[in-house]
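Keep in mind that what you see is a predicted model, and the values were worked out from it rather than measured. Each chain gets a letter, A, B and so on, in the order the sequences are listed, and its residues count up from 1.
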Amino acid sequence: MTDLRFDQVSVYYPGQDGPVLDRVSLALAPGELVAVIGASGCGKTTMLNLVAGFQAPASGRVMVDGRDVTGPGADRAVVFQDDALFPWLDTLGNATFAARMQGVRRVEREARARAVLAQVGLAGAEGRRIWELSGGMRQRLGLARALVADPAILLLDEPFAALDALTRETVQELLLTLWGKSGKTVMLVTHDIEEALFLATRVIVMAPRPGRIVDAIKADFGRRFLAGEATRALKSDPAFIRLREQVLAGVFARAAA
Amino acid sequence: MHPFDSQLALPGVAEATEPSRLPRIARGKLLPVATIAALLLAWWGAAHAGLVSPLFLPAPEAVFAKLVTVAGDGFVDATLGQHLAASLGRMLGAFALAVATGVPLGLAVGASPLVRGIVDPLIELYRPVPPLAYLPLMVIWFGIGELSKVLLIYLAVLAPVVIATAAGVRGVPRDRLNAARALGASRFQLGHAVILPNALPDILTGLRIGLGAGWSTLVAAELVAATRGVGFMIQSAAQFLVTDVVLLGIFVIAAVAFALDGLIRLAQRRLVPWQGKV
């Protein structure tokens with residue numbers, strides 16, 4: 001159980017007038033699943049990169065469990081949009097990567113990876129090469145690879161954007177199930193409003209120029225899914241639709257302005 | 001019959017289906033084999049019709065017969081096998097040397113701007129110069145023995161290997177690197193667990209280009225100063241106007257080049273099966 005804080009964080013990119021992120025503050029409670037949403041250029045991926053340690057803030061602090069982030073680490077695993085799998089490794093090899101980097105013995109790391117692969121529905125695919133996997137399976141493997149690292153925080157950068165609607169929904173359900181079981185803190189960056197509302201306990205709406213947080217909406221559809229309610233019923237719930245329109249209006253109004 | 005079916009018989013429609021048939025044949029082995037068979041036939045016809053003197057164009061079967069005698073009895077003090085062994089020995093020696101030095105150098109060039117700044121201009125300076133242009137210099141410096149030849153081939157192989165390896169190192173997708181870092185890979189681990197395997201397809205492409213460049217340089221080198229080798233055999237035969245041995249030598253060179261390239265392609269399929277798939 002790990003908490004995450006942004007404290008007055010600003011980021012500038014060379015050649016751009018105005019900050020990409022302007023004094024952004026945000027706190028994620030342990031076990032929270034927060035979705036960050038906004039038009040392109042609002043800095044949502046930059047927020048994720050800051051937590052991952054891929055880049056550093058110009059000012060302000062990014063802290064995990066009260067300690068400043070100084071670089072990438074296996075305590076903050078990332079799942080990317082274009083899966084970023086390693087093609088020279090098979091499915092099992094990709095899943096064991098983090099454990100191999102940690103120096104875990106082969107027998108042990110393969111047992112760990114097989115267990116996680118089974119959780120994401122990839123049991124039996126261990127020996128497959130990654131170009132033999134479908135888009136949905138590759139994204140499951142991306143998730144499994146991150147989970148084998150047993151990170152305190154799971155960072156998801158538009159992980160399901162490239163999937164077709166049906167596959168996307170099953171992988172969303174899988175993510176909720178895994179989150180429910182593990183209780184990990186999750187930060188999800190997406191441009192899909194339905195996805196954000198369905199998965200997150202809190203949806204953070206951002207606006208561009210300068211990148212800032214303009215709204216935060218609490219939601220409980222993910223928890224209701226875990227409590228047994230059906231996905232379609234939840235996504236057509238009047239409360240869901242009302243919130244969706246509210247977020248949509250907010251994002252559009254800021255994007256047009 | 002459907003009323004519109006008659007339209008299929010229109011000449012324009014029939015012609016439109018024609019081009020799709022040819023590529024299917026061309027994609028197979030049929031067309032290349034037919035081309036070579038036609039060439040052989042034309043050669044055979046020209047030689048037997050008495051159009052060209054055998055001095056200039058010996059018949060195919062005469063060249064084949066020569067293959068048997070040169071393989072057995074030899075030509076200018078060495079059998080074909082000995083000539084070939086001399087050529088392959090130089091080639092593979094230089095190639096091994098170029099791989100052993102070029103791959104690490106390429107990795108360093110790709111990883112370090114400092115090394116790149118030093119090595120890049122050197123390679124770009126000599127790479128565009130045809131090896132035959134600096135062969136005389138190599139002979140002046142290193143004599144007419146094996147050293148100058150091996151060095152010449154080495155230089156021809158080195159440039160493509162270094163350039164391709166460096167490109168492979170620099171071409172690692174950022175997401176792939178970041179993914180590995182977020183999975184706990186240290187800087188050292190990134191090198192051998194991500195950057196090296198990621199560069200492998202480029203390295204093998206560099207080896208393939210280098211092998212081709214080296215082989216053509218080798219034959220040229222043997223034309224100038226050698227006592228054994230396929231290139232030397234051709235050169236000696238040409239001086240005595242033994243045209244069938246000249247042709248034989250050319251075929252042997254082509255066959256070896258083809259075989260070496262096939263070996264590298266086999267290695268590519270085995271070692272980097274993901275190339276072009278992801």
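A salt bridge between A:R129 and A:E132 is absent, with no side-chain N of the basic residue lying under 4.0 Å from a carboxylate O of the acidic one.
Pairing each heavy atom of B:L204 with each of B:I264, the nearest pair is O-CG2, 4.0 Å.
Contacts from residues 163-183 of chain B to chain A, taken as heavy-atom pairs separated by less than 4.5 Å, involve B:D175, B:R176, B:N178, B:A179, B:A180, B:R181, B:A182, B:L183 in sequence order.
Annotation: side chain of A:L188 is not in contact with side chain of A:W179 (no heavy-atom distance under 4.5 Å).
Between the side chain of A:K44 and the main chain of A:G38, a donor-acceptor pair closer than 3.5 Å is present. At distances below 3.5 Å, not a single donor-acceptor pair connects side-chain atoms of A:Q119 with backbone N or O atoms of A:V116. In this structure a side-chain-to-backbone donor-acceptor pair under 3.5 Å is present from A:T96 to A:G93. Remark: the backbone N or O of A:D7 is not paired with any side-chain donor or acceptor of A:R61 at under 3.5 angstrom.
Screening A:E158, A:Q81, A:E195 against A:T190 for a side-chain hydrogen bond (donor to acceptor under 3.5 Å, both in side chains) leaves a single residue, A:E195.
Neither the backbone nor the side chain of A:L155 comes within contact range of chain B, judged by heavy atoms closer than 4.5 Å. The parts of A:A77 that come within reach of chain B are both its backbone and its side chain, each placing non-hydrogen atoms under 4.5 angstrom from that chain. When heavy atoms are compared at a cutoff of 4.5 Å, A:F54 approaches chain B by way of both its backbone and its side chain. Residue contact with chain A, scored on non-hydrogen atoms closer than 4.5 Å, is absent for B:P201. Residue contact with chain A, scored on non-hydrogen atoms closer than 4.5 Å, is absent for B:V272. Both the backbone and the side chain of A:A98 come within less than 4.5 Å of a heavy atom of chain B.
How far CZ of A:R114 is from OG1 of A:T91: 11.0 Å, rounded to the nearest 0.5 Å.
Heavy-atom pairs under 4.5 Å with chain B peak, among A:P151, A:G53, A:G73, A:A99, at A:G73. For chain B, the option among A:A149, A:A84, A:P72, A:P87 with the highest count of heavy-atom pairs below 4.5 Å is A:P87.
Cation-pi check for A:R145 over A:F86 is met; the charged atom lies under 6.0 angstrom from the ring centroid and within 45 degrees of its normal.
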